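Let me begin by presenting the structure, written as structure tokens, before commenting on it.
This is a predicted model, so every value here is computed, not measured. Chain A is the first sequence line, chain B the second, and so forth, proteins listed ahead of strands; every chain is numbered from 1.
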Amino acid sequence: MRTVVPVVETVVETPSTVTLRFDYPPEAAPGQFVMVWLPGDDELPMSLSYLEGPRKGVTIKAMGGSTRAVLGIAAGAPIGVRGPYGNRFDLAPRRILVVGGGSGTAVLAPAAEAAARGGASVAVALGATRASELLFRDRLRAAGLRVEVATDDGSEGTPGFVTGLVERWLSTEPFDAVWTCGPEVMMAKVAALARARGVPTFCSVERHMKCALGLCDACALGPYHVCTDGPVFPAERLLATPDFGRFHRDAAGRRRPL
Amino acid sequence: MAVLETDVAGVRLRNPFLLASGIWGESGESLAGAWRAGAGGVITKSIGSAPRAGYPNPTIELLDGGAMLNAMGLPNPGIDEYPAEIEIARRAGATVIGSVFGGTAEEFATLAGRIADTGVVAVELNLSCPHARGFGAEVGSTPEGVETILRAVVGAVRIPAIAKITPNAADPAALAAAAERGGAAAVSAINTVRALAIEPRLRRPVLAHGLGGLSGPAIKPIGLACVWQIFERVRIPIVGVGGIETADDAVDYLLAGARAVQIGTAVAGRGIGLFGRLPADLDRRLEALGFPSVRAAVGAAHPPADGAPRPAL
């Protein structure tokens, strides 16, 4: 039960990140993902970075292997799509701090836009290694969101990790929820900062994934399966597992340090 | 209240619903989760001598009618690391059966010994994976091969050995008979049925491996036929597998000759909570059919040995 569709458009977002747009009508909610099949290569879980209407989009960081192959995909190339799968961000909170690290912003952008459209006050802290790797900064500003930036090398915004921005924002404004996606060490730190202020954090996490149906156990994370129980989890549940921020499982199911 | 407790190969099971190998079996916490959900026992992912990543995706395809096609390629952490996962499941109190796959009788025996050392109550031999070169059905499709592997394993371990039989053979019951001759304490039947799905727009099979194994409701009649024939050929207990989603499905397998059943694909559609619901459903169903226990229903659809008439409603 998958659909083969042509890629309608590719957009190079940053030197290492590309967006594929394609027409795939099934309705999707902020936080959900699809399995994208690059024929002859692999099929990977990808969060939807565009989900309004039939023209969906995924935004992928080329980290090696098949994700690198994504950079070579041209408009017109066929891809297989199944889903959407997984749970969603709860759009009820009225004051939301969104914290994106690197390509993690891919899943956060449509969620932040949807929350803002629903009347929530949304602030965004974006972090990246350098200015050129800041994902969706202009898109989020264009949506009317307050966006602040931190870069590891100081080439834009506050120098250093995004957690510095988070600390400042949490100390100057009240928030009902923090949404975050990025490196797990970053998410764990963000969750700890938010907890100190009594603000619940929701993390979108990534694990090796095969079936996406809650069967094969490849994406096991503590007692959870990221494909069916996630990918969005309350941070305290993740922090109660021995793996979050520390271990993942490789394709063979071996626990390995992150 | 019907008695749901049953036993297979001398292993007592609190109910006849086992988690099938390959489902929720890579991590100890998942095995523990299936046990806590209510499974009568849990069977590990098939473990080999070395870690295996399995095939690239797509490894799975849902077909119409709830059928599923997969070729995972026996991914597993390998016997060196996997005992830590079994330990987590055992600490949760789970009745754990270890599944292993090998390419030769000697490899099976070694792996069975290693997994027996972890404290599992029995070892299930994967003689039936339909899509792994050099393993599974490739070594388990002839009676001679099955008997040789069983003899090697039974000579190497003290725990009971269960042979998981392929349906992709001319005479699956002959494989079960060979397992019995080799000393198997029980047989599981069936593994997935060799199958293929094509993506015409891409002019290629859907699964990266090409061929895969079919599971889900579509294969239940095939599994029933195998269990039926095996019941007439062997005296050792049978574990029924294939397309079981409901207590009614399980009853059919019991009446065909199974003493316990395995659930796999149904977890996708119905969630792991299925294991919590099935025992109560089975209890009601057995009572309605006039069976006081699971054991009383085993093989009840076969002609009575003494020629006595079957009870009718």
Side-chain angles (χ1 to χ4, degrees), chain A residues 1-6 34-46 65-67 69 77-83 85 207-229 237 240-244 247-256, chain B residues 20 22-34 36 44-45 47-48 50-64 68 70 72-78 80-82 84-85 88 92 197 199-204 206-208 215 264-272:
Chain A
M1 309 260 239
R2 70 188 74 226
T3 307
V4 174
V5 295
V34 290
M35 293 297 286
V36 177
W37 180 22
L38 313 172
D41 198 327
D42 206 343
E43 181 194 50
L44 301 163
M46 298 183 187
S66 295
T67 50
I79 57 171
V81 184
R82 62 184 173 104
Y85 296 116
R207 280 295 181 276
H208 198 96
M209 212 175 270
K210 292 180 180 176
C211 77
L213 303 171
L215 282 182
C216 75
D217 217 23
C219 66
L221 171 56
Y224 309 113
H225 290 105
V226 172
C227 68
T228 47
D229 298 317
R237 286 198 196 154
T241 70
D243 284 14
F244 181 65
F247 293 95
H248 74 120
R249 285 175 190 274
D250 66 13
R254 291 178 293 180
R255 278 180 93 218
R256 287 290 177 268
Chain B
I23 312 296
W24 278 50
E26 223 160 73
S27 88
E29 293 208 51
S30 294
L31 290 173
R36 288 193 199 99
T44 70
K45 196 146 231 172
I47 304 302
R52 267 173 77 101
Y55 300 131
N57 279 351
T59 47
I60 210 151
E61 172 75 347
L62 275 181
L63 306 170
D64 290 336
M68 200 175 79
N70 90 84
M72 305 306 294
L74 293 172
N76 79 97
D80 289 338
E81 292 196 27
Y82 195 68
E85 306 292 347
I88 291 169
E199 176 43 70
R201 289 159 293 193
L202 300 175
R203 294 155 174 76
R204 63 166 72 228
V206 172
L207 300 182
S215 61
T265 303
V267 172
R270 295 167 189 248
I272 205 72

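The CD atom of A:Glu43 sits 8.5 Å away from atom CD of B:Glu61, with the distance rounded to the nearest 0.5 Å. Here B:Ser215 contributes atom OG and A:Leu215 contributes atom CG; the two are 8.0 Å apart, rounded to the nearest 0.5 Å. For the atom pair CG of B:Asn57 and NE2 of A:His208, the computed distance is 6.5 Å after rounding to the nearest 0.5 Å.
Here A:Lys210 does not pair with B:Glu26 in a salt bridge; the nearest charged N to carboxylate O distance is not below 4.0 Å.
Residues A:Ala251 and B:Pro75 approach most closely at O-CB, 3.9 Å, considering heavy atoms. Annotation for A:Asp41 and B:Pro56: closest pair O-CB, 4.0 Å, computed over non-hydrogen atoms. Listed here is the closest heavy atom pair of B:Ser30 and A:Asp217: OG-OD1, 2.6 Å. Taking both residues in full, the closest heavy atoms of B:Arg201 and A:Arg2 are given as NH2-O, 4.0 Å, listed atom of the first, atom of the second, then distance.
Contact of A:Pro6 with chain B is not made at all, since no heavy-atom distance falls under 4.5 Å. Residue contact with chain A, scored on non-hydrogen atoms closer than 4.5 Å, is absent for B:Ala208.
Comparing A:Ala212, A:Ala218, A:Gly80, A:Pro39 by heavy-atom pairs within less than 4.5 Å of chain B, the highest count is held by A:Pro39. The residue among B:Val206, B:Asp64, B:Leu63 with the most heavy atom pairs within less than 4.5 Å of chain A is B:Val206. Contacts with chain A were tallied for B:Leu62, B:Asn70, B:Ile88; B:Leu62 has the most, counting heavy-atom pairs under 4.5 Å.
Here the side chains of B:Met68 and A:Leu213 are in contact, with some heavy-atom distance below 4.5 Å. B:Glu85 is listed as a side-chain neighbour of A:Arg255, based on a closest heavy-atom distance under 4.5 Å. Residues A:Met35 and B:Pro58 form no side-chain contact, since every pair of their non-hydrogen atoms from C-beta on lies 4.5 Å or further apart. In this structure, the side chains of B:Leu202 and A:Pro78 come closer than 4.5 Å at one or more pairs of heavy atoms. You'll find the side chain of B:Glu29 reaches within 4.5 Å of the side chain of A:Pro242, heavy atoms only.
Atom CZ of A:Arg207 is surrounded by more than 12 heavy atoms from other residues, nucleotides or ligands within 6.0 Å. The 12-atom threshold is not exceeded at CZ of B:Arg203, counting heavy atoms of other residues, nucleotides or ligands nearer than 6.0 Å.
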